[in-house]
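Below is one structure, written out as C-alpha coordinates, with a few remarks after it.
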Number of protein chains: 2
Amino acid sequence: MIKVLVVDDEPQIARALRINLSAHGYEVTTAADGAQALRAAAAVVPDLVVLDLGLPDMDGSEVIEGLRGWSKAPILVLSGRAASAEKIAALDAGADDYVTKPFDIGELLARVRAATRRSGPGSESPVTAIGPVTVDLAAREVRKDGEEVRLTPTEWQLLEVLLRNPGKLVSQRELLHRVWGPNYDRETNYLRQYMAQLRRKLEADPARPVHLLTEPGMGYRFRP
Amino acid sequence: MIKVLVVDDEPQIARALRINLSAHGYEVTTAADGAQALRAAAAVVPDLVVLDLGLPDMDGSEVIEGLRGWSKAPILVLSGRAASAEKIAALDAGADDYVTKPFDIGELLARVRAATRRSGPGSESPVTAIGPVTVDLAAREVRKDGEEVRLTPTEWQLLEVLLRNPGKLVSQRELLHRVWGPNYDRETNYLRQYMAQLRRKLEADPARPVHLLTEPGMGYRFRP
DNA sequence: TTCGGCCGTCAAGAACGCGTCAAAGGTGTC
DNA sequence: GACACCTTTGACGCGTTCTTGACGGCCGAA
(Lines give C-alpha, C1' and ligand atoms only; values in the text may rest on other atoms or scores of the structure.)
Protein backbone atom coordinates (compact mmCIF):
# COMPACT_ATOMS: atom_id res chain seq x y z
CA MET A 1 0.00 0.00 0.00
CA ILE A 2 1.21 3.50 -0.85
CA LYS A 3 1.99 5.56 2.23
CA VAL A 4 1.10 9.27 2.26
CA LEU A 5 2.07 11.78 4.91
CA VAL A 6 -0.37 14.70 5.21
CA VAL A 7 0.99 17.80 6.95
CA ASP A 8 -1.60 20.47 7.77
CA ASP A 9 -2.34 22.52 10.86
CA GLU A 10 -6.01 22.99 10.00
CA PRO A 11 -7.80 19.93 11.39
CA GLN A 12 -10.72 20.04 8.95
CA ILE A 13 -8.45 20.03 5.89
CA ALA A 14 -6.25 17.30 7.34
CA ARG A 15 -9.34 15.28 8.08
CA ALA A 16 -10.80 15.77 4.60
CA LEU A 17 -7.53 14.72 3.02
CA ARG A 18 -7.20 11.69 5.26
CA ILE A 19 -10.72 10.52 4.39
CA ASN A 20 -10.36 11.03 0.66
CA LEU A 21 -6.93 9.46 0.41
CA SER A 22 -7.89 6.49 2.58
CA ALA A 23 -10.97 5.95 0.44
CA HIS A 24 -8.70 5.64 -2.57
CA GLY A 25 -6.49 3.03 -1.04
CA TYR A 26 -3.67 5.07 0.42
CA GLU A 27 -2.26 4.57 3.90
CA VAL A 28 -2.41 8.00 5.53
CA THR A 29 -0.41 9.52 8.37
CA THR A 30 -1.04 13.07 9.52
CA ALA A 31 1.07 15.72 11.20
CA ALA A 32 -0.01 19.16 12.44
CA ASP A 33 3.26 21.06 12.33
CA GLY A 34 6.74 20.96 10.89
CA ALA A 35 8.45 19.25 13.78
CA GLN A 36 5.82 16.53 13.89
CA ALA A 37 6.06 16.19 10.12
CA LEU A 38 9.79 15.53 10.15
CA ARG A 39 9.45 13.06 12.99
CA ALA A 40 6.55 11.25 11.31
CA ALA A 41 8.43 11.13 8.01
CA ALA A 42 11.38 9.47 9.69
CA ALA A 43 9.08 6.97 11.38
CA VAL A 44 6.79 5.87 8.55
CA VAL A 45 9.01 6.67 5.51
CA PRO A 46 6.17 7.88 3.27
CA ASP A 47 6.01 7.40 -0.48
CA LEU A 48 4.52 10.88 -0.90
CA VAL A 49 4.10 13.99 1.23
CA VAL A 50 1.24 16.46 1.01
CA LEU A 51 2.50 19.59 2.73
CA ASP A 52 0.59 22.70 3.73
CA LEU A 53 2.89 25.69 3.78
CA GLY A 54 1.13 27.72 6.47
CA LEU A 55 2.57 25.84 9.42
CA PRO A 56 2.78 27.50 12.85
CA ASP A 57 6.27 26.47 13.87
CA MET A 58 8.47 26.36 10.78
CA ASP A 59 8.75 27.93 7.38
CA GLY A 60 7.61 25.79 4.49
CA SER A 61 10.98 25.63 2.74
CA GLU A 62 12.60 24.49 5.97
CA VAL A 63 10.30 21.52 6.11
CA ILE A 64 10.96 20.75 2.44
CA GLU A 65 14.69 20.91 2.94
CA GLY A 66 14.45 18.82 6.07
CA LEU A 67 12.70 16.12 4.10
CA ARG A 68 14.86 16.40 1.01
CA GLY A 69 17.93 15.84 3.15
CA TRP A 70 17.30 12.11 3.14
CA SER A 71 14.09 11.37 1.23
CA LYS A 72 13.32 11.39 -2.46
CA ALA A 73 9.57 11.00 -1.97
CA PRO A 74 7.50 13.45 -4.04
CA ILE A 75 6.35 16.51 -2.12
CA LEU A 76 3.04 18.08 -3.09
CA VAL A 77 2.66 21.54 -1.62
CA LEU A 78 -0.67 23.05 -0.60
CA SER A 79 -0.86 26.77 0.01
CA GLY A 80 -3.26 29.66 0.28
CA ARG A 81 -0.71 31.96 -1.31
CA ALA A 82 -1.05 32.19 -5.06
CA ALA A 83 1.90 34.56 -5.57
CA SER A 84 4.40 33.25 -8.12
CA ALA A 85 7.35 34.05 -5.91
CA GLU A 86 6.05 31.68 -3.26
CA LYS A 87 5.53 28.91 -5.77
CA ILE A 88 8.96 29.35 -7.25
CA ALA A 89 10.57 29.29 -3.83
CA ALA A 90 8.79 26.10 -2.84
CA LEU A 91 9.47 24.32 -6.12
CA ASP A 92 13.13 25.26 -6.07
CA ALA A 93 13.43 24.17 -2.47
CA GLY A 94 12.57 20.67 -3.63
CA ALA A 95 8.79 20.46 -3.94
CA ASP A 96 7.39 18.53 -6.89
CA ASP A 97 4.04 20.25 -7.26
CA TYR A 98 2.19 23.27 -5.92
CA VAL A 99 -1.57 23.56 -5.54
CA THR A 100 -3.30 26.70 -4.31
CA LYS A 101 -6.25 26.65 -1.95
CA PRO A 102 -9.11 26.32 -2.39
CA PHE A 103 -8.42 23.20 -4.41
CA ASP A 104 -10.58 20.59 -6.06
CA ILE A 105 -10.15 17.28 -4.30
CA GLY A 106 -10.41 15.35 -7.56
CA GLU A 107 -7.61 17.36 -9.07
CA LEU A 108 -5.47 16.86 -6.00
CA LEU A 109 -5.97 13.11 -6.19
CA ALA A 110 -5.04 13.18 -9.86
CA ARG A 111 -1.83 15.03 -9.01
CA VAL A 112 -1.12 12.49 -6.28
CA ARG A 113 -1.59 9.70 -8.82
CA ALA A 114 0.71 11.47 -11.28
CA ALA A 115 3.40 11.90 -8.62
CA THR A 116 3.26 8.32 -7.34
CA ARG A 117 3.09 6.88 -10.85
CA ARG A 118 6.62 8.16 -11.49
CA SER A 119 8.29 6.74 -8.43
CA GLY A 120 5.91 3.82 -7.98
CA PRO A 121 6.86 0.99 -10.30
CA GLY A 122 10.10 0.05 -8.59
CA SER A 123 8.60 -2.83 -6.68
CA GLU A 124 9.19 -6.48 -7.29
CA SER A 125 6.53 -9.06 -7.72
CA PRO A 126 5.49 -11.33 -4.88
CA VAL A 127 6.95 -14.81 -4.99
CA THR A 128 5.25 -17.88 -3.65
CA ALA A 129 7.52 -20.55 -2.23
CA ILE A 130 6.62 -24.22 -2.46
CA GLY A 131 9.35 -26.15 -0.77
CA PRO A 132 12.32 -26.14 -3.16
CA VAL A 133 10.20 -24.38 -5.81
CA THR A 134 9.50 -20.67 -6.20
CA VAL A 135 6.61 -19.37 -8.28
CA ASP A 136 6.45 -15.78 -9.51
CA LEU A 137 2.93 -15.34 -10.82
CA ALA A 138 3.45 -11.82 -12.17
CA ALA A 139 6.60 -12.68 -14.10
CA ARG A 140 5.27 -16.12 -14.97
CA GLU A 141 8.41 -17.81 -13.77
CA VAL A 142 8.96 -21.06 -11.88
CA ARG A 143 12.26 -22.19 -10.46
CA LYS A 144 13.10 -25.53 -8.90
CA ASP A 145 16.46 -25.62 -7.15
CA GLY A 146 17.33 -22.50 -9.13
CA GLU A 147 16.66 -24.27 -12.40
CA GLU A 148 14.00 -22.79 -14.60
CA VAL A 149 10.88 -24.92 -15.09
CA ARG A 150 8.66 -24.46 -18.12
CA LEU A 151 4.91 -24.67 -17.75
CA THR A 152 2.37 -24.80 -20.55
CA PRO A 153 -0.47 -22.23 -20.62
CA THR A 154 -3.01 -24.68 -19.23
CA GLU A 155 -0.66 -25.71 -16.45
CA TRP A 156 -0.19 -22.05 -15.55
CA GLN A 157 -3.90 -21.37 -15.37
CA LEU A 158 -4.51 -24.36 -13.18
CA LEU A 159 -1.61 -23.54 -10.87
CA GLU A 160 -2.69 -19.93 -10.63
CA VAL A 161 -6.21 -20.77 -9.48
CA LEU A 162 -4.81 -23.03 -6.77
CA LEU A 163 -2.13 -20.60 -5.63
CA ARG A 164 -4.59 -17.75 -5.37
CA ASN A 165 -6.56 -19.81 -2.86
CA PRO A 166 -3.81 -20.97 -0.52
CA GLY A 167 -4.95 -23.66 1.89
CA LYS A 168 -8.48 -23.56 0.52
CA LEU A 169 -10.17 -26.50 -1.15
CA VAL A 170 -11.09 -25.73 -4.76
CA SER A 171 -13.81 -27.94 -6.19
CA GLN A 172 -13.30 -29.79 -9.45
CA ARG A 173 -16.20 -27.86 -10.95
CA GLU A 174 -14.63 -24.51 -10.14
CA LEU A 175 -11.26 -25.58 -11.47
CA LEU A 176 -12.82 -26.77 -14.73
CA HIS A 177 -14.84 -23.58 -15.06
CA ARG A 178 -11.91 -21.26 -14.47
CA VAL A 179 -9.43 -23.06 -16.66
CA TRP A 180 -11.49 -24.58 -19.47
CA GLY A 181 -14.66 -22.49 -19.35
CA PRO A 182 -18.20 -22.72 -18.06
CA ASN A 183 -19.16 -25.55 -20.41
CA TYR A 184 -16.87 -28.04 -18.72
CA ASP A 185 -18.34 -29.75 -15.68
CA ARG A 186 -17.50 -33.41 -15.74
CA GLU A 187 -14.19 -33.66 -17.55
CA THR A 188 -12.34 -34.65 -14.41
CA ASN A 189 -9.88 -36.56 -16.53
CA TYR A 190 -8.46 -33.20 -17.61
CA LEU A 191 -7.76 -32.39 -13.98
CA ARG A 192 -6.19 -35.75 -13.34
CA GLN A 193 -3.99 -35.28 -16.38
CA TYR A 194 -2.77 -31.78 -15.57
CA MET A 195 -2.47 -32.17 -11.82
CA ALA A 196 -0.17 -35.09 -12.51
CA GLN A 197 1.94 -32.93 -14.82
CA LEU A 198 2.14 -30.15 -12.25
CA ARG A 199 3.17 -32.56 -9.52
CA ARG A 200 5.78 -34.05 -11.82
CA LYS A 201 7.24 -30.59 -12.38
CA LEU A 202 6.84 -29.04 -8.94
CA GLU A 203 6.77 -31.72 -6.24
CA ALA A 204 9.92 -33.25 -4.86
CA ASP A 205 8.24 -36.70 -4.89
CA PRO A 206 5.40 -36.59 -7.45
CA ALA A 207 3.98 -39.87 -6.20
CA ARG A 208 3.64 -38.47 -2.66
CA PRO A 209 2.58 -34.82 -3.11
CA VAL A 210 2.98 -32.45 -0.17
CA HIS A 211 1.68 -29.19 -1.60
CA LEU A 212 -0.70 -30.11 -4.42
CA LEU A 213 -3.17 -32.34 -2.62
CA THR A 214 -6.15 -34.36 -3.79
CA GLU A 215 -9.36 -34.36 -1.81
CA PRO A 216 -11.10 -37.47 -3.16
CA GLY A 217 -14.52 -36.74 -4.51
CA MET A 218 -14.24 -33.00 -3.82
CA GLY A 219 -11.39 -31.25 -5.52
CA TYR A 220 -7.80 -30.12 -5.02
CA ARG A 221 -5.97 -28.00 -2.50
CA PHE A 222 -2.69 -26.08 -2.43
CA ARG A 223 -0.90 -26.25 0.92
CA PRO A 224 1.84 -23.60 1.28
CA MET B 1 22.17 20.10 -22.43
CA ILE B 2 18.58 19.41 -21.46
CA LYS B 3 16.32 19.07 -24.48
CA VAL B 4 12.79 20.50 -24.28
CA LEU B 5 10.06 20.02 -26.86
CA VAL B 6 7.52 22.86 -26.94
CA VAL B 7 4.18 22.05 -28.56
CA ASP B 8 1.90 25.05 -29.15
CA ASP B 9 -0.14 26.22 -32.10
CA GLU B 10 0.00 29.88 -31.08
CA PRO B 11 3.22 31.28 -32.53
CA GLN B 12 3.64 34.05 -29.99
CA ILE B 13 3.44 31.70 -27.05
CA ALA B 14 5.74 29.18 -28.69
CA ARG B 15 8.19 31.99 -29.40
CA ALA B 16 8.03 33.33 -25.85
CA LEU B 17 8.66 29.88 -24.44
CA ARG B 18 11.51 29.23 -26.82
CA ILE B 19 13.23 32.48 -25.89
CA ASN B 20 12.80 32.03 -22.16
CA LEU B 21 13.85 28.40 -22.10
CA SER B 22 16.82 29.01 -24.37
CA ALA B 23 17.91 31.89 -22.15
CA HIS B 24 18.00 29.48 -19.22
CA GLY B 25 20.18 26.97 -20.98
CA TYR B 26 17.69 24.55 -22.47
CA GLU B 27 17.84 23.22 -26.02
CA VAL B 28 14.42 23.91 -27.48
CA THR B 29 12.52 22.27 -30.32
CA THR B 30 9.04 23.44 -31.28
CA ALA B 31 6.03 21.82 -32.94
CA ALA B 32 2.74 23.42 -33.96
CA ASP B 33 0.39 20.43 -33.88
CA GLY B 34 0.05 16.92 -32.54
CA ALA B 35 1.39 15.06 -35.53
CA GLN B 36 4.46 17.29 -35.70
CA ALA B 37 4.90 16.85 -31.97
CA LEU B 38 4.99 13.07 -32.13
CA ARG B 39 7.36 13.11 -35.07
CA ALA B 40 9.64 15.68 -33.44
CA ALA B 41 9.63 13.71 -30.19
CA ALA B 42 10.75 10.58 -32.01
CA ALA B 43 13.48 12.56 -33.75
CA VAL B 44 15.03 14.59 -30.92
CA VAL B 45 14.03 12.40 -27.92
CA PRO B 46 13.38 15.31 -25.53
CA ASP B 47 14.02 15.25 -21.80
CA LEU B 48 10.83 17.23 -21.17
CA VAL B 49 7.73 18.18 -23.15
CA VAL B 50 5.71 21.37 -22.71
CA LEU B 51 2.37 20.64 -24.32
CA ASP B 52 -0.47 23.02 -25.09
CA LEU B 53 -3.76 21.16 -25.09
CA GLY B 54 -5.61 23.32 -27.62
CA LEU B 55 -4.07 21.75 -30.69
CA PRO B 56 -5.87 21.90 -34.04
CA ASP B 57 -5.39 18.32 -35.22
CA MET B 58 -5.49 15.99 -32.23
CA ASP B 59 -6.99 15.73 -28.80
CA GLY B 60 -4.61 16.46 -25.95
CA SER B 61 -4.83 13.04 -24.35
CA GLU B 62 -4.07 11.41 -27.67
CA VAL B 63 -0.80 13.29 -27.88
CA ILE B 64 0.01 12.40 -24.29
CA GLU B 65 -0.69 8.73 -24.87
CA GLY B 66 1.27 8.79 -28.09
CA LEU B 67 4.27 10.08 -26.19
CA ARG B 68 3.79 7.84 -23.16
CA GLY B 69 3.83 4.84 -25.45
CA TRP B 70 7.58 4.95 -25.56
CA SER B 71 8.85 7.92 -23.57
CA LYS B 72 9.06 8.55 -19.86
CA ALA B 73 10.02 12.20 -20.26
CA PRO B 74 8.00 14.51 -18.01
CA ILE B 75 5.05 16.17 -19.77
CA LEU B 76 4.02 19.63 -18.57
CA VAL B 77 0.60 20.55 -19.90
CA LEU B 78 -0.44 24.12 -20.68
CA SER B 79 -4.11 24.88 -21.13
CA GLY B 80 -6.65 27.68 -21.18
CA ARG B 81 -9.19 25.42 -19.53
CA ALA B 82 -9.18 25.58 -15.76
CA ALA B 83 -11.91 22.99 -15.24
CA SER B 84 -10.88 20.21 -12.87
CA ALA B 85 -12.18 17.48 -15.18
CA GLU B 86 -9.76 18.59 -17.89
CA LYS B 87 -6.88 18.58 -15.49
CA ILE B 88 -7.74 15.15 -14.13
CA ALA B 89 -8.05 13.71 -17.62
CA ALA B 90 -4.69 15.06 -18.70
CA LEU B 91 -2.91 13.98 -15.53
CA ASP B 92 -4.36 10.49 -15.66
CA ALA B 93 -3.46 10.20 -19.32
CA GLY B 94 0.17 10.49 -18.29
CA ALA B 95 0.90 14.19 -17.85
CA ASP B 96 3.13 15.20 -14.93
CA ASP B 97 1.92 18.76 -14.34
CA TYR B 98 -0.86 21.04 -15.46
CA VAL B 99 -0.60 24.85 -15.68
CA THR B 100 -3.49 27.10 -16.68
CA LYS B 101 -3.05 30.07 -18.93
CA PRO B 102 -2.31 32.86 -18.39
CA PHE B 103 0.74 31.64 -16.53
CA ASP B 104 3.69 33.31 -14.92
CA ILE B 105 6.81 32.49 -16.87
CA GLY B 106 8.89 32.34 -13.71
CA GLU B 107 6.55 29.78 -12.21
CA LEU B 108 6.62 27.75 -15.39
CA LEU B 109 10.39 27.70 -15.34
CA ALA B 110 10.34 26.60 -11.72
CA ARG B 111 8.00 23.75 -12.62
CA VAL B 112 10.30 22.79 -15.47
CA ARG B 113 13.22 22.74 -13.05
CA ALA B 114 11.23 20.59 -10.61
CA ALA B 115 10.30 18.14 -13.33
CA THR B 116 13.79 17.82 -14.78
CA ARG B 117 15.35 17.56 -11.34
CA ARG B 118 13.45 14.33 -10.75
CA SER B 119 14.30 12.57 -13.96
CA GLY B 120 17.76 14.07 -14.39
CA PRO B 121 19.97 12.60 -11.65
CA GLY B 122 17.65 9.68 -10.92
CA SER B 123 17.82 8.14 -14.37
CA GLU B 124 21.09 6.30 -14.27
CA SER B 125 22.54 5.52 -17.66
CA PRO B 126 19.69 3.48 -19.08
CA VAL B 127 21.96 1.38 -21.23
CA THR B 128 20.89 -2.23 -21.32
CA ALA B 129 23.41 -4.86 -22.25
CA ILE B 130 22.26 -7.89 -24.22
CA GLY B 131 25.28 -10.04 -24.72
CA PRO B 132 27.32 -8.39 -27.47
CA VAL B 133 24.61 -5.75 -27.93
CA THR B 134 24.03 -2.52 -25.99
CA VAL B 135 20.71 -0.71 -26.09
CA ASP B 136 20.39 2.92 -25.02
CA LEU B 137 16.66 3.51 -24.74
CA ALA B 138 16.95 7.23 -24.04
CA ALA B 139 19.26 7.94 -26.95
CA ARG B 140 17.49 5.38 -29.17
CA GLU B 141 20.74 3.77 -30.08
CA VAL B 142 21.67 0.14 -30.52
CA ARG B 143 25.20 -1.12 -30.99
CA LYS B 144 26.28 -4.65 -31.84
CA ASP B 145 30.02 -5.24 -31.58
CA GLY B 146 30.40 -1.46 -31.68
CA GLU B 147 28.57 -1.28 -34.99
CA GLU B 148 25.42 0.80 -34.99
CA VAL B 149 22.22 -1.15 -35.66
CA ARG B 150 19.20 0.54 -37.19
CA LEU B 151 15.74 -0.30 -35.82
CA THR B 152 12.42 0.72 -37.32
CA PRO B 153 9.88 2.58 -35.13
CA THR B 154 7.80 -0.54 -34.57
CA GLU B 155 10.85 -2.56 -33.65
CA TRP B 156 11.78 0.12 -31.11
CA GLN B 157 8.39 0.09 -29.47
CA LEU B 158 8.34 -3.66 -29.20
CA LEU B 159 11.88 -3.83 -27.84
CA GLU B 160 11.18 -1.06 -25.36
CA VAL B 161 8.14 -2.77 -23.85
CA LEU B 162 10.16 -5.93 -23.37
CA LEU B 163 13.23 -4.18 -21.97
CA ARG B 164 11.17 -2.22 -19.48
CA ASN B 165 9.99 -5.52 -18.00
CA PRO B 166 13.25 -7.39 -17.60
CA GLY B 167 12.69 -11.04 -16.76
CA LYS B 168 8.96 -10.62 -16.76
CA LEU B 169 6.73 -12.39 -19.23
CA VAL B 170 4.73 -9.94 -21.32
CA SER B 171 1.58 -11.42 -22.80
CA GLN B 172 0.94 -11.20 -26.50
CA ARG B 173 -2.17 -9.17 -25.76
CA GLU B 174 -0.26 -6.58 -23.82
CA LEU B 175 2.43 -6.34 -26.47
CA LEU B 176 -0.15 -5.86 -29.20
CA HIS B 177 -1.99 -3.25 -27.15
CA ARG B 178 1.10 -1.26 -26.30
CA VAL B 179 2.64 -1.32 -29.75
CA TRP B 180 -0.29 -1.39 -32.18
CA GLY B 181 -3.14 -0.09 -30.01
CA PRO B 182 -6.07 -1.41 -28.03
CA ASN B 183 -7.91 -2.70 -31.10
CA TYR B 184 -5.34 -5.39 -31.78
CA ASP B 185 -5.86 -8.60 -29.86
CA ARG B 186 -5.28 -11.55 -32.11
CA GLU B 187 -2.76 -10.37 -34.69
CA THR B 188 -0.03 -12.59 -33.29
CA ASN B 189 1.52 -12.82 -36.75
CA TYR B 190 2.71 -9.24 -36.23
CA LEU B 191 4.55 -10.36 -33.13
CA ARG B 192 6.07 -13.34 -34.88
CA GLN B 193 7.21 -11.12 -37.72
CA TYR B 194 8.80 -8.40 -35.59
CA MET B 195 10.27 -10.66 -32.93
CA ALA B 196 12.04 -12.47 -35.74
CA GLN B 197 13.43 -9.18 -37.03
CA LEU B 198 14.59 -8.14 -33.58
CA ARG B 199 16.30 -11.46 -33.02
CA ARG B 200 17.96 -11.21 -36.41
CA LYS B 201 19.35 -7.81 -35.43
CA LEU B 202 20.15 -8.39 -31.76
CA GLU B 203 20.76 -12.04 -31.05
CA ALA B 204 24.10 -13.68 -31.70
CA ASP B 205 22.33 -16.78 -33.03
CA PRO B 206 18.84 -15.73 -34.15
CA ALA B 207 17.73 -19.33 -34.49
CA ARG B 208 18.60 -20.02 -30.83
CA PRO B 209 17.66 -16.84 -28.97
CA VAL B 210 19.09 -16.33 -25.49
CA HIS B 211 17.59 -12.99 -24.49
CA LEU B 212 14.41 -12.57 -26.50
CA LEU B 213 12.53 -15.68 -25.53
CA THR B 214 9.21 -17.14 -26.61
CA GLU B 215 6.82 -18.62 -24.11
CA PRO B 216 4.57 -20.66 -26.39
CA GLY B 217 0.93 -19.77 -26.08
CA MET B 218 1.57 -16.95 -23.62
CA GLY B 219 3.91 -14.22 -24.74
CA TYR B 220 7.52 -13.13 -24.86
CA ARG B 221 10.18 -12.44 -22.29
CA PHE B 222 13.42 -10.45 -22.20
CA ARG B 223 16.13 -12.14 -20.15
CA PRO B 224 19.04 -9.82 -19.23
C1' DT C 1 -14.87 -61.43 -1.09
C1' DT C 2 -16.76 -58.91 -4.78
C1' DC C 3 -18.20 -54.81 -6.90
C1' DG C 4 -18.28 -49.95 -8.29
C1' DG C 5 -16.42 -45.41 -8.04
C1' DC C 6 -12.46 -42.54 -8.17
C1' DC C 7 -7.84 -41.48 -9.04
C1' DG C 8 -3.12 -41.82 -11.24
C1' DT C 9 -0.75 -43.24 -15.42
C1' DC C 10 0.24 -44.11 -20.22
C1' DA C 11 -0.29 -43.68 -25.10
C1' DA C 12 -2.33 -42.16 -29.23
C1' DG C 13 -4.22 -38.68 -32.95
C1' DA C 14 -5.82 -34.03 -33.50
C1' DA C 15 -5.23 -29.23 -33.10
C1' DC C 16 -2.73 -25.35 -32.28
C1' DG C 17 1.08 -21.98 -32.21
C1' DC C 18 5.54 -20.60 -33.74
C1' DG C 19 9.28 -19.46 -37.06
C1' DT C 20 10.06 -18.58 -41.70
C1' DC C 21 9.68 -17.09 -46.44
C1' DA C 22 7.49 -14.30 -49.84
C1' DA C 23 4.88 -10.65 -51.59
C1' DA C 24 1.53 -6.98 -51.65
C1' DG C 25 0.05 -2.18 -49.75
C1' DG C 26 1.55 2.51 -48.02
C1' DT C 27 4.33 6.44 -47.14
C1' DG C 28 7.83 9.68 -47.63
C1' DT C 29 12.07 11.12 -50.40
C1' DC C 30 14.64 12.40 -54.23
C1' DG D 1 7.02 9.71 -61.21
C1' DA D 2 10.45 6.24 -59.58
C1' DC D 3 12.54 4.48 -55.68
C1' DA D 4 13.46 2.80 -51.00
C1' DC D 5 11.78 1.55 -46.73
C1' DC D 6 8.46 0.00 -43.55
C1' DT D 7 4.22 -2.24 -42.53
C1' DT D 8 0.71 -5.50 -43.38
C1' DT D 9 -0.90 -9.90 -45.04
C1' DG D 10 -0.91 -14.78 -46.55
C1' DA D 11 0.83 -19.45 -46.59
C1' DC D 12 3.56 -23.57 -45.24
C1' DG D 13 6.27 -27.04 -42.35
C1' DC D 14 7.27 -28.45 -37.91
C1' DG D 15 7.32 -29.11 -33.06
C1' DT D 16 4.61 -28.79 -28.97
C1' DT D 17 0.40 -28.93 -26.53
C1' DC D 18 -4.23 -30.38 -25.94
C1' DT D 19 -7.68 -33.74 -26.17
C1' DT D 20 -9.37 -38.26 -25.83
C1' DG D 21 -9.61 -43.04 -24.65
C1' DA D 22 -8.15 -46.97 -22.06
C1' DC D 23 -6.04 -49.58 -18.18
C1' DG D 24 -4.82 -50.79 -13.40
C1' DG D 25 -4.69 -49.78 -8.35
C1' DC D 26 -6.82 -48.24 -4.14
C1' DC D 27 -10.72 -47.87 -1.05
C1' DG D 28 -15.27 -48.11 0.83
C1' DA D 29 -19.75 -50.42 0.39
C1' DA D 30 -22.52 -54.43 -0.28
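Letters A, B, ... mirror the listed sequences (proteins, then strands); counts begin at 1. Predicted model only: the values in this text are computed from it and were never measured.
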Separation of [X] atom [atom1] from [N] atom [atom2], in whole Å?
| X | N | atom1 | atom2 | value |
| --- | --- | --- | --- | --- |
| B:Leu191 | C:dG17 | CG | P | 13 Å |
| B:Leu212 | C:dC18 | CG | P | 15 Å |
| A:Trp180 | D:dC18 | CH2 | C1' | 10 Å |
| B:Leu213 | C:dC18 | CG | P | 14 Å |
| A:Gln197 | D:dC18 | CD | C1' | 9 Å |
| B:Arg186 | D:dG10 | CZ | P | 16 Å |
| B:Leu198 | C:dT20 | CG | P | 13 Å |
| B:Met218 | C:dC16 | CE | P | 18 Å |

Checklist line | Atom of B:Leu53, atom of B:Ser79 and distance for their closest heavy-atom approach | finding: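 Nearest heavy atoms, B:Leu53 then B:Ser79: CB-CB, 4.2 Å.
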Closest approach of B:Arg221 and B:Gly167, non-hydrogen atoms and distance?
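Of all heavy-atom pairs spanning B:Arg221 and B:Gly167, the closest is NH1-O, 2.7 Å.
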- Query: Can you tell me if the side-chain N/O atoms of A:Tyr194 get under 4.0 Å from OP1 or OP2 in C:dT9?
  - Reply: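 Answer no for this pair, as no side-chain N or O of A:Tyr194 is under 4.0 Å from OP1 or OP2.
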- Item | Distance below 4.0 Å between B:Arg192 side-chain N/O and C:dC21 OP1 or OP2 |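 No.
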Residue closer to the 5' end of DNA chain C, B:Pro206 versus A:Ala196 (nearest nucleotide) =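 On the 5' side of the pair lies A:Ala196.
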Under 4.0 Å, heavy atoms only, any strand: does [X] hit a base, just the sugar-phosphate, or nothing?
| X | answer |
| --- | --- |
| A:Glu155 | nothing |
| A:Thr214 | sugar-phosphate |
| A:Tyr184 | nothing |
| A:Arg200 | nothing |
| B:Glu187 | nothing |
| B:Arg199 | sugar-phosphate |
| A:Gln172 | sugar-phosphate |

For DNA chain D, whose closest nucleotide is more 5', that of A:Asn189 or that of B:Thr152?
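Going by which nucleotide is closer to the 5' end, it is B:Thr152.
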_Salt bridge check, A:Lys72 against A:Asp96: does any charged N sit closer than 4.0 Å to a carboxylate O?_
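Looking at A:Asp96 and A:Lys72, the cut-off is not met.
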State whether A:Glu148 and B:Arg223 are salt-bridged, where the test is any N-O pair (Lys NZ or Arg NE/NH1/NH2 against Asp/Glu carboxylate O) under 4.0 Å.
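Here A:Glu148 pairs with B:Arg223 in a salt bridge, since their nearest N and O are under 4.0 Å apart.
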Worksheet item: Any idea which of D:dT7, D:dC5, D:dC18 is nearest the B:Pro153 side chain?
Response: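 Out of D:dT7, D:dC5, D:dC18, the nucleotide with an atom closest to B:Pro153's side chain is D:dT7.
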CD/A:Glu147: more than 12 non-hydrogen atoms of other groups inside 6.0 Å: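 No.
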